[in-house]
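Single-structure report; data block below.
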Number of protein chains: 2
Amino acid sequence: MASHNKSEYYSAEQEQMARFAKALGHPVRIAILQLLNTQSCCYHGDMAEELPIAKSTLSQHLNELKDAGLIQGTITPPSVKYCIHKENWKLAKKLLGALLT
Amino acid sequence: MASHNKSEYYSAEQEQMARFAKALGHPVRIAILQLLNTQSCCYHGDMAEELPIAKSTLSQHLNELKDAGLIQGTITPPSVKYCIHKENWKLAKKLLGALLT
DNA sequence: TCTATTATTCGTAAAATTACGAATATCTTA
DNA sequence: TAAGATATTCGTAATTTTACGAATAATAGA
């Protein structure tokens, strides 16, 4: 503890695992990801109808998932289509799967 | 959204997934779990030496992991031994693995 | 250009998370 | 019974998360 530099203690992989897991750490974001995963893609509006939160709150959650790299959004006026970010999704599976051995 | 009762919208499984994931959502908790996982069990004191946080903060993180059901602690005076909670660990693997298809 | 539709950002508030050191508890052994 | 070792709880502060509605963009079509 004493000899460790806090800012660089954790490996990039540990940080990445935590980032992914944190993004999964809310029921509504689990629900969002399940929707996107089963129906390849979804529009913001359709999800807003499904989910028990305000549209502005949904935007916030979608943004967190985007920041974590788990989803990506495409503007298709007048709506926005969201999909799983397949590459990072695979990485998340690999990293978290390796942890949960 | 309008027709949903917020308090019962999410399934028990979704809540459980989020609870597990949330517990994994911090680098130090990832590090703790890796320690416990590779060396079957660890003493609080040994982890406190490894990790870049105060002992009291470590206790808090261990408590969160315990609340989430991912670890269990046994008092072995004068120290406390922590281990992975194998059954819930398997459940976490199953649930998160199923999500990250 | 005006309007309707859709989504995001802004402003704000309440609650939870993260972190530390001091104080407290617990147990062993001298 | 007192002292030493270990771990947790308490008190506190700073930051982040979660949530909402109002205000703002941005685009298509009348």
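So that the names make sense, note that chain A is the first sequence line, chain B the second, and so on, each numbered from 1.
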[X] [atom1] - [N] [atom2] separation (whole Å):
X: B:Leu62; N: C:dT18; atom1: CG; atom2: P; value: 13 Å
X: A:Ile32; N: D:dA19; atom1: CD1; atom2: C1'; value: 14 Å
X: B:Ile53; N: C:dA19; atom1: CD1; atom2: P; value: 6 Å
X: B:Leu58; N: C:dC20; atom1: CG; atom2: P; value: 11 Å
X: B:Leu65; N: C:dT18; atom1: CG; atom2: C1'; value: 14 Å
X: B:Lys81; N: D:dT6; atom1: NZ; atom2: C1'; value: 16 Å
X: A:His44; N: D:dT27; atom1: NE2; atom2: C1'; value: 16 Å

query: Is the backbone of B:Glu50 close enough, under 3.5 Å, to the side chain of A:Tyr9 for a donor and an acceptor to pair up by distance?
result: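 Confirmed, A:Tyr9 side chain pairs with B:Glu50 backbone.
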field: side chain to side chain contact (heavy atoms under 4.5 Å, CB included) partner of B:Ile84, chosen from B:Leu33, B:Leu70, B:Leu65
entry: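 Exactly one option meets the side chain to side chain contact (heavy atoms under 4.5 Å, CB included) with B:Ile84, and it is B:Leu33.
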query: Is A:Ser79 touching bases, backbone alone, or none of the nucleic acid, heavy atoms closer than 4.0 Å?
result: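 Answer is sugar-phosphate: A:Ser79 comes under 4.0 Å of backbone atoms only.
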task: Under the side chain to side chain donor-acceptor pair (under 3.5 Å) rule, collect the residues that match up with A:Gln34, sequence neighbours excluded.
output: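 Partners of A:Gln34 by the side chain to side chain donor-acceptor pair (under 3.5 Å) criterion, ordered by chain and then number, come out as B:Gln14.
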- request: Quick one: sort the B:Tyr10 and A:His26 rings into parallel, tilted or perpendicular, breaks at 30° and 60°.
  value: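 Perpendicular: the ring planes of B:Tyr10 and A:His26 meet at over 60°.
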message: Is the ring pair B:His44/B:Tyr82 parallel, tilted or perpendicular, if the boundaries are 30 and 60 degrees?
response: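 If you compare the ring of B:His44 with that of B:Tyr82, the planes turn out tilted.
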message: Could you report the tightest heavy-atom contact between A:Pro27 and B:Ala18, atom names first, then the distance?
response: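 Scanning both residues, the minimum pair turns out to be N-CB, 3.5 Å.
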query: Which pair of heavy atoms, one from B:Arg19 and one from B:Ala68, lies closest together, and at what distance?
result: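 Here B:Arg19 and B:Ala68 meet closest at O-CB, 4.2 Å.
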message: Check this one for me: any side-chain N or O of B:Tyr82 less than 4.0 Å away from OP1 or OP2 of D:dT8?
response: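 Checking D:dT8 against B:Tyr82, a side-chain N or O does come within under 4.0 Å of OP1 or OP2.
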query: Does the side chain of B:His61 get closer than 4.0 angstrom to OP1 or OP2 of C:dA19 through an N or O atom?
result: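 Checking C:dA19 against B:His61, a side-chain N or O does come within under 4.0 Å of OP1 or OP2.
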Which listed nucleotide ([options]) is nearest to the side chain of [X]?
X: B:Tyr43; options: C:dT8, D:dA7, C:dC20; value: D:dA7
X: B:Ser59; options: D:dG21, C:dT18, D:dA7; value: D:dA7
X: A:Thr57; options: C:dA19, D:dC20, C:dA7; value: D:dC20

query: Along nucleotides 11-17 of chain C, 5' to 3', which nucleotides get a B, which get an S, and which get a -, given that the test is a protein heavy-atom distance under 4.0 Å?
result: -----SS
Grab the N/O contacts between the protein and nucleotides 22-30 of chain C below 3.5 Å, and write none if there aren't any.
none

